[in-house]
Structure formats: C-alpha cells, structure tokens
Protein chains: 2
Amino acid sequence: MGRPCGFDQDEALERALGVFWRLGYEGASLDDLCQAMGIGRQSLYNAYGDKRTLFLRCLRRYTERNEVALREHLGQVRPVQRAFAALFEQALGQPDERKRMGCFSINTGMELAPRDVEVGDLIARGQRMLEDVFTEALEAGAGRAELAPGSDCRALGRFLVGTLLGVTVLLKSDPRSPAPRAMVDVALQALAR
Amino acid sequence: MGRPCGFDQDEALERALGVFWRLGYEGASLDDLCQAMGIGRQSLYNAYGDKRTLFLRCLRRYTERNEVALREHLGQVRPVQRAFAALFEQALGQPDERKRMGCFSINTGMELAPRDVEVGDLIARGQRMLEDVFTEALEAGAGRAELAPGSDCRALGRFLVGTLLGVTVLLKSDPRSPAPRAMVDVALQALAR
DNA sequence: GTCTTACTTGACTGCACGGTCCAGAACGCA
DNA sequence: TGCGTTCTGGACCGTGCAGTCAAGTAAGAC
C-alpha cells in the first residue's frame, strides 16, 4: 500500500558497504553514501534508519557473505594445507588498490571497537566465527590424516586467523612490502606434517 | 629575544601523542589536544604548525622511542627465543585499556596510509625498521647457535613482525579473546631449533 | 477515477571542526 | 625603565557534517 520503494535495497546496501569499506565509518559522509547508492537522503533514512544502523547492516552482510565463501572454499580444496595456501595466496595476489582496502571487519574493529560496544561485539563474534571455520577445516584435515597426529586444531586455527590478520594489515599499510609473503611462507610450515 | 615559550614542548608533544594514540588523527580535535597539552590553540600553532605537522612529529617520536627500547631489549635477553617470548608476553599481559589502544603506528597505518603518502612512507619505513631489528636479533642468536642451522633470519624476522601485528590487532578489537595467546604459542615454535 | 499512503527531492538547521585574527601580556635586552 | 619581540587567550570565520522538514509525486486500494 502506498508508493513502493523505487530502488533495489539489496543492491544499494552493497554500494554502501563499498563506501564504508573504502572510507571507514567516520570518513564516509551521507553525501558519499547517497551518491554511491543512487538515492536521496530521505530515502536512505526511510529504508535503513540512521547512518550507524546502515553501517551495522553492512557489517553483518559482509561477515555473513565471508563466512559462506570461506566455508565453501575450505570445504572443497584438499589437502587442508593447499586450501589455506590458496587463501593466503589470494590475499597476496590482489591488486594494490584492493590491498589498500584491507578487510572491512578489521578496519571496523580498529576504528570503532574501542568506543562502540555493539560494533565491538559484532567484530568479536566475527573473529570467533572465522576461528571456528578454520578450526573445523583443520579438524576435517586431521580426520583425513593430512596433519601431524595430535595436532591442536583449535590452536592452529587461532594461529591462522592471526596470520591472516597480520598479512592483511601489512598489505594495507604497505602493499609492496615483501614481509607478508615471507610471513605466509613461514606460517604455513606450521601445518607441515 | 621576546617572550619565551611558557611550556615544556617535549612534554606537550608526549601528551599530544597520547591523545592521537587514543583517538586517532581525525578523532582528536584541537580542543582535545589543547586541553591535554595544557596550552591554547595559538600556542600550539606557534610551536608545532598545524594539526597534521604535530601528528607527524608524534609519529616520528613514537617510532624512534620504540626502536631504541626494542633494540635494548632484544640485545640483552638470551637466548633469542626468550627475548621474543618476553616481547609477546608483555603485549599479552597489558591491561585491557592498553590493549584497546593497540600500536600507534599500526593504528595510523590503518587510518591514514591509504590516503596520505607521507604518512604511508613513514609507516613503511617503521615496518622495515622493525623487520631489521628483529632480523638482526635473530642473526645474533644464530651466531650463538641458538637457532637451527640454516635458518632464514630475514624470513623469520618478517614472520615475527607480522605475528606481532596480528596479536596487537586481535587484542585491540577484542582484549579478552583467547586467540592471540594461541597465536603466540604456535608462532614461537617456528624458532625452535 | 479518486483517495490514501508511502516514497522522493531539495532546502534547511544546529553543531563541531580546523584554522585565523587581534588585543593584551610577559619577557630579554639595552 | 622603556622598547622590541614573542607568546597567550579568546573571539571569530568558513566549511562540512548528520539529521530533519515540508512540499510534491507516484503507486496501490476500492
């Protein structure tokens, strides 16, 4: 009833995510968002509430999409060492502009987690999710005898989460640095059987 | 000649660093800075130039101070494994409030490196410096036969830089997370002989 | 076809920010 | 003591921001 919404809310949310990812929460102005989303200010407020609410929806969207993509990738590739190697390789092989963007979740954690408990909680949940996905992939690998017997998959999973974080941050602040490459090479040896 | 500066510029710079560290570059207002530094706006501009110039001086001060402290620590403690273990242990043992602050250099790299080439360059230099300090400590350890023969100290140094980054970022976005502890434990095994 | 309801557009508001100006104060020097 | 120079404090300016308002518009309901 009444006039229907004149734009694709899902598509617009995706555009908003792109803006927040590139510019951060504070750095993205409503004008930036409206322009990228192709809608006016009031439409934005009608559809999503205020800026912060829109941001939280972007963050949830990003986390969920990442989870399914990761689960699919890690569930398919074998052995588990190759799955993680491919994951890191993909991060290392991105174009510089993309490296500069880093990971939206990490960016957000750095910018907002210390002063916004709700964001902090979402980020912490996301990290635990990542840890679980990694750990489960490792346990599956261990079940296929791809890892050394007695490997602590939870500890290895946490280690790999931290490694991915480190690599991403290194690449973001200096996309040409040789450090992340070396980091990955050394880190993957922890998975040798 | 003329009226002398009425405050300790070194001390005031330290206060400014504290504000930038806690709030970030954009997050720190001139009012925040003036209040923490105990001086007026005009005094700040007389002594340091504009906000960005003051920030760059803070960043340089931070990097230099970190370098000497690290060199001293890593040069003293032996074997080299214990030196790095102590370094990570110190990061893990900080109070939550301090964990939330993270590392000023990483914070800055995340916030400004993608859009400020001068900052980006300072950060990249800082990372290379850290890498060199770590590598030299490892080489000294290798010279004392503390590492496995044939160890690639440069690669290990880069790996440890990335590990420290990962741990710091994990602690910042979630000080109670068990992940950084596990990450350190696994990472230090790369130094086993 | 008209009426109700919701969406759209663009102007507007109040605020916080970085930076500047200016009048006055404090010190070194002669 | 008087002068020149520099520092100090507070008012001020222009800008960019998130969020609101009101008038106009388009679609579905009947």
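The structure displayed is predicted, hence computed values, not measured ones. Numbers restart at 1 for each chain; the letters A, B, ... are given by sequence-line order, proteins then strands.
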Exercise for the section: Give, ordered by number, those residues of residues 19-40 of chain A having at least one heavy-atom distance below 4.0 Å to an atom of DNA chain D; if nothing qualifies, reply none. Expected result: A/Ala28, A/Ser29, A/Leu30
Problem - Spatial distance of atom SG (A/Cys103) from atom CE (A/Met110) [nearest 0.5 Å] - result: 11.5 Å
Exercise for the section: Scan residues 84-96 of chain B for pairs that pass side chain to side chain donor-acceptor pair (under 3.5 Å), counting only residues two or more places apart or in two chains. Expected result: B/Glu89-B/Arg181, B/Asp96-B/Arg176
Completion exercise
Distance col, row A/Gln189:CD vs A/Gln81:CD, nearest 0.5 angstrom, shows 12.0 Å
Problem - Donor/acceptor link under 3.5 angstrom from B/Arg41 side chain onto base of D/dG9 - result: no
Practice task
Determine the interplanar angle of the B/Phe159 and A/Phe159 rings, folded into 0 to 90°, and report it as parallel if under 30°, tilted if 30 to 60°, perpendicular if over 60°.
Solution key: tilted
Problem - Whole angstrom value for the distance that separates C1' of D/dG9 from CZ of B/Phe7 - result: 13 Å
Practice task
Classify every nucleotide of nucleotides 22-30 of chain C by which part a protein heavy atom approaches to under 4.0 Å, writing B for the base, S for the sugar-phosphate alone and - for neither, in 5'-to-3' order.
Solution key: B-BBBB---
Problem - Pair B/Tyr48 and B/Phe55, ring centroids less than 6.0 Å apart - result: no
Handout entry: Electrostatic pair B/Asp174:B/Lys99 at N-O distance under 4.0 angstrom
Key = no
Exercise for the section: Mind running side-chain hydrogen bond (donor to acceptor under 3.5 Å, both in side chains) on A/Ser29 and A/Asp32 for me, showing each step along the way? Expected result: CA-CA 5 Å; A/Ser29 73; A/Asp32 294 331; 3.1 Å; yes
Problem - Strand-adjacent residues in residues 43-55 of chain B, judged by heavy atoms under 4.0 Å from DNA chain D - result: B/Ser43, B/Asn46
Fill in the blank from the handout: Output for pair (A/Arg115 CZ, B/Arg100 CZ), nearest 0.5 Å, gives 12.0 Å
Report all side-chain donor-acceptor pairs from residues 149-156 of chain A shorter than 3.5 Å, counting only partners two or more places apart or in another chain.
| unit_1 | atom_1 | unit_2 | atom_2 | d |
| --- | --- | --- | --- | --- |
| A/Ser151 | OG | A/Ala148 | O | 2.6 |
| A/Asp152 | OD1 | A/Arg154 | N | 3.2 |
| A/Asp152 | OD1 | A/Ala155 | N | 3.1 |
| A/Arg154 | NH1 | A/Glu131 | OE2 | 2.9 |
| A/Arg154 | NH1 | A/Asp132 | OD1 | 2.8 |
| A/Arg154 | NH2 | A/Asp132 | OD1 | 3.3 |

Problem - salt bridge (charged side-chain N to carboxylate O under 4.0 Å, His left out) involving A/Arg125 - partner list, sequence neighbours excluded - result: A/Asp121
